Structure formats: C-alpha cells, structure tokens
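Note that the structure is a prediction, hence the values are computed from the model and not measured.
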Amino acid sequence: MELGLVGLGKMGGNMRERIRRAGHTVIGYDRNADLADVHSLEELVGKLKGPRVVWVMVPAGEPTQSTIDQLAELLEPGDVVVDGGNSRWTDDERHAEELAAKGIGFVDCGVSGGVWGLENGYALMYGGDAENVAKVQPVFDALKPEGDFGSVHAGKVGAGHFAKMVHNGIEYAMMQAYAEGWELLEKVDSVTDVREVFRSWQEGTVIRSWLLDLAVNALDEDEHLDGLRGYAQDSGEGRWTVEAAIDNAVPLPAITASLFARFASRQEDSPQMKMIAALRNQFGGHAVEKK
C-alpha cells in the first residue's frame with residue numbers, strides 16, 4: 001500500500017525504512033528538507049492515491065494540532081489520518097470529531113520501540129473504528145515485531161494513546177526500581193562490582209528484562225555513570241497517567257513516586273537519576289546532560 005508519513009526524526013525515519021522493507025511505498029515529509037521525499041504537505045497528499053492514509057509522527061500538542069488542521073483541508077472523504085505521536089488521549093477525541101466532520105477517518109496509535117524499532121519492530125496500540133483501522137492494517141503489520149504479539153486494537157478512539165500512556169507510566173516505575181537498587185549497591189562497601197551484579201541478573205531471575213539489559217549496556221559504557229548528571233526529564237505521559245488515576249480513583253503509588261523522583265532530580269545531582277537518564281538514552285535515544 002501507499003502511506004504518507006509526516007515527521008522523519010529518530011522514530012519516524014526508522015519507521016519509514018521498516019515499512020519500505022516490507023514492500024510498501026512511503027512518501028515522507030519533514031521540515032528538514034534533507035530528510036524529506038517531498039517539500040510540502042500539499043505535495044505529499046498529491047502523490048498519494050485515494051483512499052489515502054497519512055501517518056503523523058510529530059511532537060504532541062501544537063505541532064500535531066497544526067499538522068492535522070492542514071491535512072483536514074487537503075484530504076478527502078474516505079481518507080484516514082493516523083496520529084502515531086505521544087498525544088494525550090483527550091486530544092484524539094477532538095481530532096476525530098474535527099476530521100469526521102469532513103468525512104475523514106482518524107486512528108490514534110501509541111508506538112513503543114525507540115531507536116531499536118527498525119530492527120526489532122515496534123509495539124503498537126491503536127484505537128479507532130474497525131473500518132479505519134483496516135485501512136491502516138498493512139502498515140501496522142509491517143511495523144510490529146515478528147510473531148503473534150506486539151500489536152493490539154485497544155478500543156475506541158483514544159484507547160491507543162491511553163494504553164501507551166499507561167505503558168510509559170509502568171516504564172517510569174520499573175526504571176525507578178532499577179535505579180534505586182543500583183544506587184544502594186553502589187553505596188555499600190561490601191559489593192565491589194555492581195555492574196557484574198546487574199549483569200548476573202540478566203539470566204534466570206524474575207527481574208530480568210530488556211530494561212535490565214539496557215542498564216548493563218549503560219554501565220558497560222560508563223561503569224559508575226560518572227559522566228552523567230543526575231537529571232531526568234519527563235515527556236508528559238507519566239503526569240497524564242497520574243492525573244488519569246486521580247480522575248478514576250485508582251491508586252498508583254509506585255508510578256506516582258517515580259514521577260516525583262524525576263522532579264527531585266532537577267533540584268540536586270541525584271545518583272538514581274543518572275541511571276534513569278542512561279536508560280532513557282539507551283532505549284529511546286533521549287538526550288542526556290553531561291557533567
């Protein structure tokens with residue numbers, strides 16, 4: 001099939017390549033002309049045959065809203081817009097209504113996989129009407145990991161991004177647990193090789209995970225994380241998860257504490273946040289602050 005892809009950064013660029021490897025045609029647009037296949041959204045839409053599918057992979061908030069507003073004026077009834085960024089699920093509901101008024105379908109898709117997705121595939125959580133999802137399904141199949149898992153039609157519009165938000169909240173808590181354990185091991189005199197302790201957990205233990213593998217990678221690059229500042233940013237999903245928990249009276253003590261720990265990292269050079277920063281860099285290519 002043909003796909004228009006808007007946003008060719010760290011995630012979008014690799015997604016374009018993976019979809020092309022699966023035999024589909026991807027026409028990409030990015031404000032950086034060096035990355036783009038076309039020079040404008042108008043040109044992108046003009047090169048696609050109807051019914052068109054355009055996947056938006058730009059930062060949440062105003063960049064996504066602006067892109068969808070422009071596409072609403074360019075696309076035709078029967079076309080579909082996919083928001084694959086990290087938008088808040090409440091924004092999805094508004095976007096679906098705005099596009100539906102013009103006969104254009106909307107699907108929201110939470111995407112996980114970071115800089116490793118090109119080779120390993122992307123975990124996909126998508127929401128929307130079955131009719132619109134079906135138009136995008138070949139792309140979902142191309143992006144997902146091999147095997148039976150890694151892709152789910154989570155429910156109605158907004159369900160994909162809500163599921164991805166909860167995924168990221170869990171990710172916050174898991175990273176925090178590894179970071180706290182690492183700091184405690186580093187603190188005591190009796191443990192003389194913390195990195196190898198972490199490595200020993202990679203097989204046969206109940207806490208083995210991809211995040212643990214990435215922690216070992218980070219420690220191999222900088223054994224005591226001396227080169228990193230103990231500062232970790234939050235990209236929004238953790239806050240939204242806690243807010244949703246409050247709205248639904250669901251207790252989330254571990255996820256909430258992990259979010260607050262990131263806030264604390266901005267007040268002092270936290271050893272735990274060195275590990276959080278290292279893990280975010282390992283799995284997502286997120287920037288770190290050097291000392």
Side-chain angles (χ1 to χ4, degrees), residues 7 9-12 15 55-65 67-68 81-97 106-117 121-129 132-133 136 140 143-145 149-179 209-211 214 232-263 265 276-277 279-280 283-286:
K10 287 181 294 188
M11 288 278 281
M15 289 168 63
W55 187 302
V56 178
M57 204 70 190
V58 302
E62 178 55 33
T64 294
Q65 183 67 59
T67 302
I68 290 177
V81 172
V82 182
D83 179 5
N86 280 326
S87 294
R88 189 166 181 159
W89 80 98
T90 50
D91 292 344
D92 297 326
E93 296 166 355
R94 185 179 69 255
H95 294 152
E97 290 179 5
F106 178 82
V107 174
D108 63 288
C109 183
V111 181
S112 182
V115 297
W116 301 83
Y122 299 87
L124 306 171
M125 297 143 270
Y126 37 92
D129 295 342
N132 292 325
V133 168
V136 192
F140 292 147
L143 287 172
K144 69 178 289 294
F149 306 109
S151 177
V152 60
H153 184 183
K156 300 183 293 184
V157 164
H161 280 145
F162 194 95
K164 176 58 163 48
M165 176 195 74
V166 174
H167 165 279
N168 283 19
I170 293 170
E171 174 189 294
Y172 274 47
M174 291 177 65
M175 289 196 291
Q176 185 65 26
Y178 284 127
S209 72
W210 186 38
L211 278 175
L214 296 176
Q233 189 56 267
D234 69 288
S235 54
E237 294 92 340
R239 299 185 190 214
W240 300 340
T241 306
V242 172
E243 290 171 2
I246 293 169
D247 292 341
N248 291 277
V250 175
L252 299 185
I255 292 173
T256 302
S258 67
L259 174 65
F260 286 0
R262 295 200 184 187
F263 296 162
S265 80
I276 299 293
L279 282 168
R280 293 181 81 242
F283 71 73
H286 299 290

**Message:** Treating Asp108 as the side-chain partner and Val157 as the backbone partner, does any N or O pair qualify as donor plus acceptor under 3.5 Å?
**Reply:** no
**Item:** Spacing of CG belonging to Leu259 relative to OH belonging to Tyr172, to within rounding of 0.5 Å
**Value:** 6.5 Å
**Asked** Can a donor-acceptor pair be found between the side chains of Asp91 and Ser87 at a distance below 3.5 Å?
**Response** no
**Request:** Go through the steps to decide whether Phe263 and Arg239 satisfy the test side chain to side chain contact (heavy atoms under 4.5 Å, CB included), and finish with yes or no.
**Result:** CA-CA 11 Å; Phe263 296 162; Arg239 299 185 190 214; 3.6 Å; yes
**Request:** Report yes if the side chains of Phe106 and Ile68 come closer than 4.5 Å at any heavy-atom pair, otherwise no.
**Result:** yes
**Prompt:** Do you know which two heavy atoms are closest between Met57 and Gly85, and how far apart they sit?
**Reply:** SD-N, 4.1 Å
**Request:** Evaluate the side chain to side chain contact (heavy atoms under 4.5 Å, CB included) criterion for residues His286 and Gln233: first the C-alpha distance (whole Å), next the side-chain angles of each, then the deciding distance (0.1 Å), finally the verdict.
**Result:** CA-CA 9 Å; His286 299 290; Gln233 189 56 267; over 6 Å; no
**Request:** Give me the ring orientation class for His153 and Tyr126: parallel if the planes are under 30° apart, tilted from 30 to 60°, perpendicular past 60°.
**Result:** parallel
**Message:** Can you tell me how far apart CG (Leu279) and CD (Gln176) are? Round to the nearest 0.5 Å.
**Reply:** 10.5 Å
**Complete:** Val133 and Gly128 have their tightest heavy-atom pair at CG2-O, 4.0 Å
**Message:** Just verifying a value: how many Å separate Thr90 OG1 and His95 NE2, rounded to the nearest 0.5 Å?
**Reply:** 9.5 Å
**Asked** With a 4.5 Å limit on heavy-atom distance, are the side chains of Met175 and Arg262 in contact?
**Response** yes
**Asked** Is the closest side-chain heavy-atom distance between Val111 and Lys164 below 4.5 Å?
**Response** no
**Asked** Going by atom types only, do Tyr178 and Ser209 share a side-chain donor-acceptor pair under 3.5 Å?
**Response** yes
**Message:** Within this structure, what is the OG1-CD1 distance for the pair Thr256 and Ile246, rounded to the nearest 0.5 Å?
**Reply:** 7.0 Å
**Asked** Can Trp240 and His161 be said to form a side chain to side chain contact (heavy atoms under 4.5 Å, CB included), step by step?
**Response** CA-CA 11 Å; Trp240 300 340; His161 280 145; over 6 Å; no
**Request:** Determine, step by step, whether Gln65 and Arg94 satisfy the side chain to side chain contact (heavy atoms under 4.5 Å, CB included) criterion, reporting the C-alpha distance in whole Å, the side-chain angles of both residues, the deciding distance to 0.1 Å, and the verdict.
**Result:** CA-CA 10 Å; Gln65 183 67 59; Arg94 185 179 69 255; 2.8 Å; yes
**Request:** Over all heavy atoms of both residues, which pair between Ile276 and Ala232 is shortest? Give the atoms and the distance, please.
**Result:** CG2-CB, 3.6 Å
**Message:** For Phe140 and Trp55, take the angle between the two ring planes, folded into 0 to 90°, and tell me which bin it lands in: parallel under 30, tilted 30 to 60, perpendicular over 60.
**Reply:** perpendicular
**Complete:** Phe283 and Trp116 have their tightest heavy-atom pair at O-CD1, 3.6 Å
**Message:** Which heavy atom of Trp89 sits nearest to which heavy atom of Ala244, and what is that distance?
**Reply:** CH2-CB, 4.0 Å
**Prompt:** Which pair of heavy atoms, one from Pro145 and one from Ala123, lies closest together, and at what distance?
**Reply:** CD-N, 4.3 Å
**Prompt:** CD1 of Ile170 to CG of Leu252: how many Å apart, nearest 0.5 Å?
**Reply:** 9.0 Å
